[in-house]
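Below: one structure in structure tokens.
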Amino acid sequence: MACEEPSKIVNIPSIVQELVTCVQEPPSQYVVPEQNRPGVACSEMPEPIPIIDLSRLPAPGNSSDEVAKMQSALENWGLFLAVGHGIEPSFLSEVMKVTKEFYKLPLEEKQKYSNLVDGEEFRMEGYGNDIVVSEKKTLDWSDRLYLVVEPESRRIYSLWPAHPPSFRDIMCEYTVRCREIASLVLRHLARMLNLHEDYFVELIEEDAITYARFNYYPHCPKPDQVLGLKPHTDATVITVVFIDDSVSGLQVQKNGVWYKVPIVRNALLVNTGDAMEILSNGFFKSPVHRAVTNAEKDRVSLVMFYTPDPEREIQPAAELVDEKRPMRYRKIKTKDYLTKLFETFAEGTLAIDTMKI
């Protein structure tokens with residue numbers, strides 16, 4: 001999710017939002033090999049992703065059908081759609097509005113927040129595209145703005161857009177509200193595993209880092225040939241996603257088959273990440289997902305990534321390791337895992353697979 005120091009890059013990726021205005025078909029470096037194209041293997045879900053009403057989750061120590069539904073969703077899919085989360089639809093509309101308004105700015109204005117230092121060195125935070133490590137790798141049909149939002153002391157406000165003027169205040173408020181959702185869900189996950197209630201919550205407090213990624217997926221003249229975001233997992237303990245409800249594009253993989261994630265107005269998508277898979281010793285899985293594009297409509301999403309302190313070692317909880325269920329993952333420092341994740345993402349492989357014993 002973040003590299004502290006800028007790194008040298010092989011080349012500078014194009015801004016896709018600009019590229020799409022002058023091409024009639026995607027350039028070859030964006031074209032996905034035929035067997036991996038989005039139209040090849042995408043099915044309707046065998047059963048719908050559960051919609052969990054967070055307002056119906058019980059007080060600590062009590063059980064309910066909603067908790068059982070949430071556990072089943074995470075065991076089967078690694079994600080669920082959350083309603084009853086307490087964020088007003090009107091405020092969600094404001095969040096989506098400032099995201100879209102940023103991407104409507106002229107390129108010169110957006111470039112003020114570039115993730116290229118002096119036009120040469122790549123850093124994770126800022127506006128642009130992900131690192132290009134090889135000319136042979138297929139590029140994603142998307143742009144993004146990446147910001148550290150927590151802890152407050154780590155924010156680089158010079159990279160936070162000044163336009164629209166309400167961007168900073170809205171994002172500060174959204175950050176607070178999303179943390180409440182993440183903490184609520186994590187407390188229930190801890191109880192499912194018979195861990196103390198704040199076991200996971202404590203991992204995303206103090207020096208833990210929360211990243212916000214504002215994704216922009218321009219329309220594509222041949223959407224069946226490209227991917228907005230290649231298949232990947234998140235490095236997180238937990239991820240909260242606000243999906244554009246005007247156009248679909250998120251897909252999740254299960255048993256080798258890709259399924260479309262449905263749009264539910266004002267719902268937030270919650271998924272577990274690699275850190276949770278390791279911490280839970282494989283009880284919760286980190287779902288493989290990707291984003292596809294649309295021939296006519298642009299699409300945006302806002303993702304909140306909750307990761308542990310970069311210096312913290314993540315490993316299976318001692319309470320979840322015994323003779324019947326031995327340790328299934330090696331331990332690793334969060335910052336080292338993040339580096340591994342970005343390397344494997346660029347290569348099109350999964351970091352979590354390298355951690356399994």
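This one's a predicted model, so the numbers in the text were calculated from it and none came from an experiment.
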Start with the C-alpha gap between Asp244 and Arg299, add the side-chain angles, then the distance that decides, and say whether salt bridge (charged side-chain N to carboxylate O under 4.0 Å, His left out) holds.
CA-CA 6 Å; Asp244 189 340; Arg299 175 177 168 267; over 6 Å; no

Under 3.5 Å donor-acceptor, Asn76 side chain and Ser72 backbone:
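Answer holds: yes.
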
Nearest-0.5 Å distance, CG of residue Asn194 to CD of residue Glu319:
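It is 10.0 Å, given to the nearest 0.5 Å.
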
What's the spacing between Thr293 OG1 and Leu229 CG if we round to 0.5 Å?
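One finds 11.5 Å between OG1 of Thr293 and CG of Leu229.
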
Expected output: side-chain Lys69 to main-chain Ile52 donor-acceptor under 3.5 Å:
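No; judged by distance alone, with no hydrogens or angles, the pair does not exist.
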
Would the Tyr113 and Trp160 ring centres measure less than 6.0 Å apart?
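No.
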
I'd like to know if the side chain of Gln315 reaches the main chain of Ile332, judged simply by a donor and an acceptor atom lying under 3.5 Å from each other, with no hydrogens or angles considered.
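No, because the side chain of Gln315 does not come within donor-acceptor range (under 3.5 Å) of the backbone of Ile332.
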
Validation row: Lys340, Thr354 side chains within 4.5 angstrom (heavy atoms):
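The answer is yes; the side chains approach within 4.5 Å.
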
Taking Thr307 for its side chain and Ile209 for its backbone only, find out whether a donor-acceptor pair lies under 3.5 Å.
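Yes: the side chain of Thr307 pairs with the backbone of Ile209.
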
Pairing of Glu311 and Lys335 as salt bridge, 4.0 angstrom limit
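A salt bridge is present here (some side-chain N lies under 4.0 Å from a carboxylate O).
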
Identify all side-chain donor-acceptor contacts of residues 266-283 below 3.5 Å with residues at least two apart in sequence or on another chain.
residue : atom : partner : partner atom : Å
Asn271  : ND2  : Asp234  : OD2          : 3.2
Thr272  : OG1  : Gly78   : O            : 3.4
Thr272  : OG1  : Lys285  : O            : 2.8
Asp274  : OD1  : Thr233  : OG1          : 3.0
Asp274  : OD1  : Ser286  : OG           : 2.7
Asp274  : OD2  : Thr233  : OG1          : 3.0
Asp274  : OD2  : Tyr337  : OH           : 2.5
Glu277  : OE1  : Ser286  : N            : 2.8
Glu277  : OE2  : Tyr329  : OH           : 2.7
Ser280  : OG   : Met276  : O            : 2.8
Ser280  : OG   : Glu277  : O            : 3.4
Ser280  : OG   : Phe283  : N            : 3.3
Ser280  : OG   : Phe284  : N            : 3.0
Asn281  : OD1  : Arg328  : N            : 2.8
Asn281  : ND2  : Leu320  : O            : 3.2
Asn281  : ND2  : Pro326  : O            : 3.1

Ser90 and Ser93: side-chain donor and acceptor closer than 3.5 Å?
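Per modelled atom types, Ser90 and Ser93 side chains form no pair under 3.5 Å.
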
Side chain of Tyr306, backbone of Arg179: donor and acceptor closer than 3.5 Å?
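Between the backbone of Arg179 and the side chain of Tyr306 there is a qualifying donor-acceptor contact (under 3.5 Å).
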
Does a donor on one side chain sit under 3.5 Å from an acceptor on the other, for Arg155 and Tyr157?
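Arg155 vs Tyr157: donor-acceptor pair found between side chains.
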
Does the structure place the NZ or CZ of Lys230 under 6.0 Å from the centre of the six-membered ring of Phe345, at an angle of no more than 45° from the ring's axis?
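Yes, Lys230 sits over the ring of Phe345.
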
Ring centers of Phe214, Phe167 separated by less than 6.0 Å:
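Between Phe214 and Phe167, the centre distance is under 6.0 Å.
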
Phe102/Tyr127 aromatic ring centres below 6.0 Å:
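Between Tyr127 and Phe102, which both carry aromatic rings, the centre distance is below 6.0 Å.
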
Note, Trp141 side chain near Pro26 side chain (heavy atom, < 4.5 Å):
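Yes - at least one pair of side-chain heavy atoms lies under 4.5 Å apart.
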
Could you verify whether a donor N or O on one side chain and an acceptor N or O on the other, from Asp140 and Ser142, lie under 3.5 Å apart?
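Checked: Asp140/Ser142 side chains show no N/O donor-acceptor pair below 3.5 Å.
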
Under a 3.5 Å distance rule, please check whether His85 uses its side chain to pair with a backbone N or O of Ile87 as donor and acceptor.
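Flag set: sc His85 to bb Ile87 pair under 3.5 Å.
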
When you check the side-chain N and O atoms of Asn294 and His219, is any donor under 3.5 Å from an acceptor?
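There is no such pair (donor and acceptor under 3.5 Å, judged by atom type) between the side chains of Asn294 and His219.
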
Check the pair His289 / Gln251 against side chain to side chain contact (heavy atoms under 4.5 Å, CB included), numbers first and verdict last.
CA-CA 6 Å; His289 50 289; Gln251 299 179 351; over 6 Å; no

